[in-house]
Amino acid sequence: MYTIQKAKTEFLQAIKQAAPPGFIPTIEDLETPPDQKMGDLAFPCFDLAKGLKRNPAEIATELAAKIGPKGFIAEVKAVGPYVNVLLDTKSFGEAVYTEMKELGDEYGTSDVGADKRLMVEFANLNSHKDVHIGHLRNLFVGQAAVNLLKATGYDVVPVAYINDLGLHVAKSVWGMKTYHEHEEVKPENRIAFLRDVYVEANKILEEQPALSAQVTEVFRHLEDGRGDEVALWKETRGWSIDYLKEVYSELDLTIDHWYFESEVIAKTKKIIEELIKKGIVKESEGAWIVDLKDQDLGVNLLIKTDGTLLYNAKDLGLAMKKEEDYHPTRSIYVVDERQSHALRQLFATLKLMGFERELQHLSYEFVTLEGGAMAARTGNVIRYEDLRDALLGEARRETESRHQDWTKKKVEKVAHAVAFAAMRFGMLKQDTGKKIVFNLKDAVSFEGFTGPYLLYTYARIRSLIKKAGRKKSKGTSTTLNHPTEHQLVLRLAKYPEIVFDTAQKLEPAVLCQYLFDLAKTFAEFYANVPVLTQEGAKLSERLGLVKAVGDVLAHGLDLLGIDLVEEM
RNA sequence: GCACCCGUAGCUCAGUUGGAUAGAGCAUCAGCUUGCGGAGCUGAGGGUCGUAGGUUCAAGUCCUGCCGGGUGCACCA
């Protein structure tokens, strides 16, 4: 049990003893007072008052009078209808330090997920297309989910599912075959070429809808693996996969297994045949569907009238393949909110098939531009590389202006960390239920509630520790008395609860907010409390506190997938 | 038409699962260098929490209606 929980339990125990017999408060009843001056933990007396039909403020006063300082509790006072306690910086702080020291990197983690294998499917990008800023949210939310679930003890299998054989690919291959045959494409221009062809093909098809019959023909050939388009598909698919692998590696995604749409087609066809025999899949208007109207989910369209498979159909094959490969007890699909209807259909269909695993859609709202949604079809996107280079440019400029004496290599390393921290934090700090209206000016800002601010806080911490040199830091808190010191200890203690909560909700923004608050409190401490000029216990204990803040900051940022630098 | 998401300061967002005086960042304005990094700190202005009802001792938070924005609902993924 973590120290913060012990402190809460102590408080509850005291309340229980002071309250009338039979009243059993729970840890969930405890709150945090809105103002630190009011105390560290609060117990609201409303429920008790209701049972006794008395004024909650009176009850709070009575309870507070009966509870004395004991253990971690230094002070008890009634504030209106609340009983508030102030924790003892010395004993509480010491307990927090001790457990941080004992647990090391494990501090904040838990084992609720022990013995459970969990699959996280994310990074489901399309081949033959660019990576744009909308995808980044998926990649970062997915990776954070993977890290957080691992931190709560799950055996996590992160997988990516690449859509390398959808209609978009058929359009692309058709466009190349029809308008760019035998055209030589230099390796460095491959992705741009694919993008241009895709936009061009869409434009032509819009103007001449009759040509879509040709695309269908190409699609059929690709699905069946025959015809002269297959070679072209294979080659260009290779370009795309190389590109995606490069991007994923640049973003440090940890993906255990890559699944491809093209490899689940045969299995999907077999599954559908069986489902037809069982009467689950039926013919309707020339297409093949699963009727889910009784569940208010409409119909799940699997095979089009032209005989080609739809995305939802192939997801059935994928689910079975994943089950064979890893048999996870729970599967999390990290997918854009716009697909929630399709995913509900998928889950419902799998259930009809007798697939009993727990399935969860981790949905997030999409990233849009100020002028409206992005669309690869028309080329109206901000590509990942554009954002990255804008961030790198800005970070380089900032770093150079601060450190004229640094080598180019050093500047580059720091600029890289700053740029990527800004990118990741920017995508993670907002609640997944809210869409992000992308704004380049805000995105390249390094001040305030941003990744670089956290990196900066960490760099200042490292600088302090480096300057302290051989002076010892100590995991005690006998002399800590500044309000910010108390606040820092309390925040450090709460870290395990935050990690747990963030992992439970799979809402990285919660952790972002916490880390920012921690950094903010540290900055206040830093501006008001001297460290290196102190001596004796004051020096060593403050150094200990500084180091502990740095450790939690590093741990939390690591969970978000953000790399740190020692100086910047 | 139906379903889901959203509406909080000029802008972008938090808001402890119904509790105390609704908070941050950006922007604006005013300050902070002889002590450790100014990507920082301190302060100020800025709010009928879309709106009208309802439930409750207590509503930004729950329920209902309405308004506004977004997304989805059979051959895209």
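No hydrogens, no waters, no symmetry mates; every other heavy atom, side chains included, goes into these values. What you are looking at is a predicted structure, and each value in this text was computed from that prediction instead of being measured.
In this structure, A:Y453 reaches the sugar-phosphate backbone alone: every heavy-atom distance under 4.0 Å involves primed, P, OP1 or OP2 atoms, never a base. Using a 4.0 Å heavy-atom criterion, one finds that A:A459 contacts the bases of the nucleic acid, with or without backbone contacts as well.
Of the candidates B:U42, B:A77, B:C5, B:C5 carries the atom nearest the A:E337 side chain, counting heavy atoms from C-beta on.
Base orientation at B:U17 is syn, since its O4'-C1' glycosidic dihedral falls within 90° of 0.
Checked against A:Y333 for a ring pair (Phe, Tyr, Trp, His ring centres under 6.0 Å), the options A:Y161, A:F347, A:F122 give a single hit: A:F347.
Atom CG of A:D336 is separated from atom P of B:G72 by 9 Å (rounded to the nearest Å). As a whole-Å value, the separation of A:D296 CG from B:G1 C1' is 14 Å.
Relative ring orientation between A:F11 and A:F43 is described as perpendicular, the plane-to-plane angle rising above 60° on a 0-90° scale split at 30° and 60°. Using cut-offs of 30° and 60° for the angle between ring planes, the A:W406 and A:H403 rings count as parallel.
The base of B:A20 sits with one of its N or O atoms less than 3.5 Å from a complementary donor or acceptor on the side chain of A:N84.
OP1 or OP2 of B:C13 sits under 4.0 Å from a side-chain N or O of A:Q430. Between A:K434 and B:G7 there is a side-chain N or O to OP1 or OP2 distance below 4.0 Å.
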*asked:* side chain to side chain donor-acceptor pair (under 3.5 Å) for A:H361 and A:S340? Distances and angles first, verdict last.
replied: CA-CA 7 Å; A:H361 176 201; A:S340 63; 5.2 Å; no
Under 3.5 Å, which protein N or O atoms sit close to an N or O of nucleotides 56-58 of chain B? Give each pair with its distance.
none

Restricting to nitrogen or oxygen on both sides, can you table the protein-nucleotides 33-36 of chain B pairs closer than 3.5 Å?
residue, atom, partner, partner atom, Å
B:C36, O3', A:K467, NZ, 3.3
B:C36, O2, A:L532, N, 3.0
B:C36, N3, A:V531, N, 3.0
B:C36, N4, A:Y526, O, 2.9
B:C36, N4, A:V529, O, 2.3
B:C36, N4, A:P530, N, 3.4

